Amino acid sequence: MTGGRLDEPLARVLGPRSASPLAALGLQTTHDLLRHYPRRYTAPGTLTDLSHLPVGEHVTVMAQVVQATVRQMRSRGGAMLQAVVSDGTHRLSLTFFAKRAGVLRVHEDKLRPGRTGLFTGVVSDYRGERQLTHPDYQIIGVDAEDEDQALVEASRPIPIYPASAGAPSWRIQRCVRTVLGPLTEADLPDPVPAEIRSAHHYPSLHQALLDVHEPYDDPQWHRGRARLRYEEAFVLQAALARRRAQVAAEPARARPLVDGGLLTALDAQLPFELTAGQRAVGDELAAELAGTHPMQRLLQGEVGSGKTVVALRAMLQVVDAGGQAALLAPTEVLAAQHVRTLRALLGPLAEAGFLGGAELSTRVALLTGSQGAAARKENLLDAASGRAGIVVGTHALLSESVQFADLGLVVVDEQHRFGVEQRDALRAKGAGVPHLLVMTATPIPRTVAMTVFGDLETSTLTEVPAGRSPVVTHLVPAGNAVWTARVWQRVREEVDAGRRAYVVCPRIDPDDAGSAGAVEDGTDLVPEVVKVPLRAVVEVADELRGLPALDGVAIATLHGRLPGEDKERAMADFAAGRVQVLVSTTVIEVGVDVPAATVMVVLDADRFGLSQLHQLRGRVGRGSDPGVCLLVADVEPGTDAHTRLQTLVETTDGFVLAAVDLELRREGDVLGAAQSGGSSSLRLLRVTRDGELIARARADATALTEADPTLSRWPALVAAIERSLEGDREEFLERA
Ligand code: ADP
Ligand code: MG
């Protein structure tokens, strides 16, 4: 269903001449124009004495027309209407320009000498005379019944629209009035059901549009805006709730706990006690996996809180019940590491078919884009035959050639790099709909979780396992040679004590791709006005190799452009201690787990985002030895960069950092282009600010889908969802 009159092209409603500058602003239809909300409102000019007109101010004057004449302009082409109004003593000129004299005749006809009117505009000075250019005006007895009515009109807030030279704000305002004027409630089907509206005391859509476009006072546009902002949150949440309800309604194979299976065996051999949080979340997952509808859960947790073992236990429950699990990782480095970790935790339990494998056992297969043909073939076979209970991979898992015997659970690790579509692609590989567990790399603020991951239920791991020493973070001024020398000295001390260090740089290669150099994919660099050359992996590694302080230390490099085997070798050497210092890009950002690594040095630290730095810092302090994170940068106190780094120095609580990050980031960075772009369907809603509203909209939308999962009783809401999904919102959901 679409909105009938709402889809009418503006060219038809307003005529092509008015419509074409609007089209340049991306406004094609009645709907587009009505949803082009004023950016702000200016106070109307107070009624001003003609003898005291301040240049540059917006004024309204009551005056009598003395004369009005249309002239053809020889110099500039076009026509001009010049009028003079007076309060009996002082005079003010009014000027209107147009391409053709005809257009000005309307004004001339109204501005008849002797008539009284209210004139509103910004005062300018033209050759010593006060004048208003293109004033708005109302002639008493023509535009307004009487002076009282005219005064009311003149005291209305003035909407200021996002405008262009071709379509200035005042012209947009007129177009909106022309379009909105004849529309009724019936022409504007309301996506927000009446009961919800009345529960929150919100006006109808028709009224809200009148409120924002043609308010009589400030409270009125506030009221309209509040309702339209809610509507944005509500339509988005309804889309997510519908999606959640639709998936939840599909059948999934139940994978109940099996006693005496692989999971029991794993629990018996785990080298540590599960934390209370891991156990609680584990129970939650176990119950949902045993259900006959697909689990759709987001597991967010503090860096190092032990999400991997939680996922492994869920995967084993599924394997015990006869199914398979796929674990999707964002990078090859991480996929390879997951395989190592899982195999290490499982031991003989993962050696099915091999000498020494446990009687009850399975296999962990790895599928990545860069693996050799023979390895790939064998792993594909393990997945397709069901011999591998667990299949780990990057997005290569999504390719059509990958088949499963019975895919029962999909785990997506470090979610932010996978989209809804990719989730769906994996889901489609199951016979029924597989259960889904999504894990985030860092804690995320609740509003972001509700918006970006709004189609999932959320579980949270807040504690890290006991016995870890907290990472101490220091800010090191980059320009200070003594301090930087101390950094490498510190690295040396750790290496001598048998521990390891990461050195992270923002770039791969100093002289690659022009002056900017190659930046790792996914590196979240903060733009800077002044472009100083950033430290690069290759260059820094060379420098460190020549440094007396690091004499005899094995240094390796790691970045995304190395061939697959080289990456794996670098990681494996570092994990085994054959390499003690790993100079790398942010490829090691997420998930990498080398407990013996205790130092994290980040060069040009000011250029990384807060959550990225928190992730990087999470790479150390994972064992029993205390970790240290050295952020090397030159930052001025008072800048955002300084605030970011100082916050990291002061806290290691990921939830606190996530909140600070959200405040510091521009909105667009949080949700992607969809929210910052002018043409987005999210115009008024700000995730950074509207958390409470989003929560309310989510509750309302969820209640609605509980009663009616497809929302069939709410055609106007469905239409609004479709409309918002048509354009940029689709990208927005995909980014999730
Ligand atoms: P993240 O949640 O950041 O993905 P990991 O799953 O990589 O964290 O776990 C971090 C480290 O903590 C790993 O070395 C893991 O073996 C270890 N670990 C997990 N759970 C526990 C626990 N309950 N007690 C001690 N160590 C644990
Ligand atoms: Mg992890």
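Just so we're clear, the structure is a prediction, and the values are computed from it rather than from any experiment. One-based numbering, in listed order, for ligands and for the atoms of each.
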Inset, instruction - Pull out every atom of ligand 1 sitting under 4.0 Å from any heavy atom of E273, numbered as shown with elements. - result: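 By the 4.0 Å cutoff, the relevant atoms are 22 (C), 23 (N), 24 (N).
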Inset, instruction - For ligand 1, find out whether one of its N or O atoms is nearer than 3.5 Å to an N or O atom of G306. - result: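 Among all N and O atoms of G306, at least one is under 3.5 Å from an N or O of ligand 1.
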Inset, instruction - Assess S305 for proximity to ligand 1: is some non-hydrogen atom of it under 4.0 Å away? - result: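 It does; at least one heavy atom falls under 4.0 Å.
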Inset, instruction - Using a strict cut-off of 4.0 Å, indicate which atoms of ligand 1 neighbour a heavy atom of T308. - result: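 So the atoms of ligand 1 that pass are 4 (O), 5 (P), 6 (O), 7 (O).
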Inset, instruction - Applying side-chain contact (heavy atoms from CB on, under 4.5 Å), name anything that partners P626, two or more places apart in sequence or on another chain. - result: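 Listed in chain order: S469.
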Legend entry - Test item: R297 side-chain N/O and T458 main-chain N/O as donor-acceptor pair under 3.5 Å: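 Here the side-chain-to-backbone pair exists.
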Inset, instruction - Report the part of T275 (side chain from C-beta onward, or backbone N, CA, C, O) that has a heavy atom under 4.0 Å from ligand 1; answer both or neither where that applies. - result: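 The answer is both.
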Inset, instruction - Would you give the length of the straight line joining atom OG1 of T473 to atom CZ of R617, rounded to the nearest 0.5 angstrom? - result: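 If I round to the nearest 0.5 Å, the distance is 4.0 Å.
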Legend entry - Pairs touching residues 309-321 that satisfy salt bridge (Lys or Arg N to Asp or Glu O under 4.0 Å), sequence neighbours left out: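 Sorted result for residues 309-321: D267-R313.
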Legend entry - Pair S385-R363, side-chain donor/acceptor within less than 3.5 Å: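 Absent: no donor and acceptor within the cut-off.
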Inset, instruction - Please could you name the atoms of ligand 1 that L274 approaches to less than 4.0 Å, counting only its heavy atoms? - result: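 Those of ligand 1 that fall under 4.0 Å from L274 are 23 (N).
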Inset, instruction - Determine whether any heavy atom of P595 lies closer than 4.0 Å to an atom of ligand 1. - result: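 Checking ligand 1 against P595, which is what was asked, there is no heavy-atom contact under 4.0 Å.
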Inset, instruction - Could you please spell out the steps behind the side-chain hydrogen bond (donor to acceptor under 3.5 Å, both in side chains) verdict for T460 and T462? - result: CA-CA 6 Å; T460 308; T462 48; over 6 Å; no
Inset, instruction - May I ask you to list the atoms of ligand 1 that are less than 4.0 angstrom from any heavy atom of Q278? - result: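 It comes down to these atoms of ligand 1: 19 (C), 20 (N), 21 (C), 22 (C), 23 (N).
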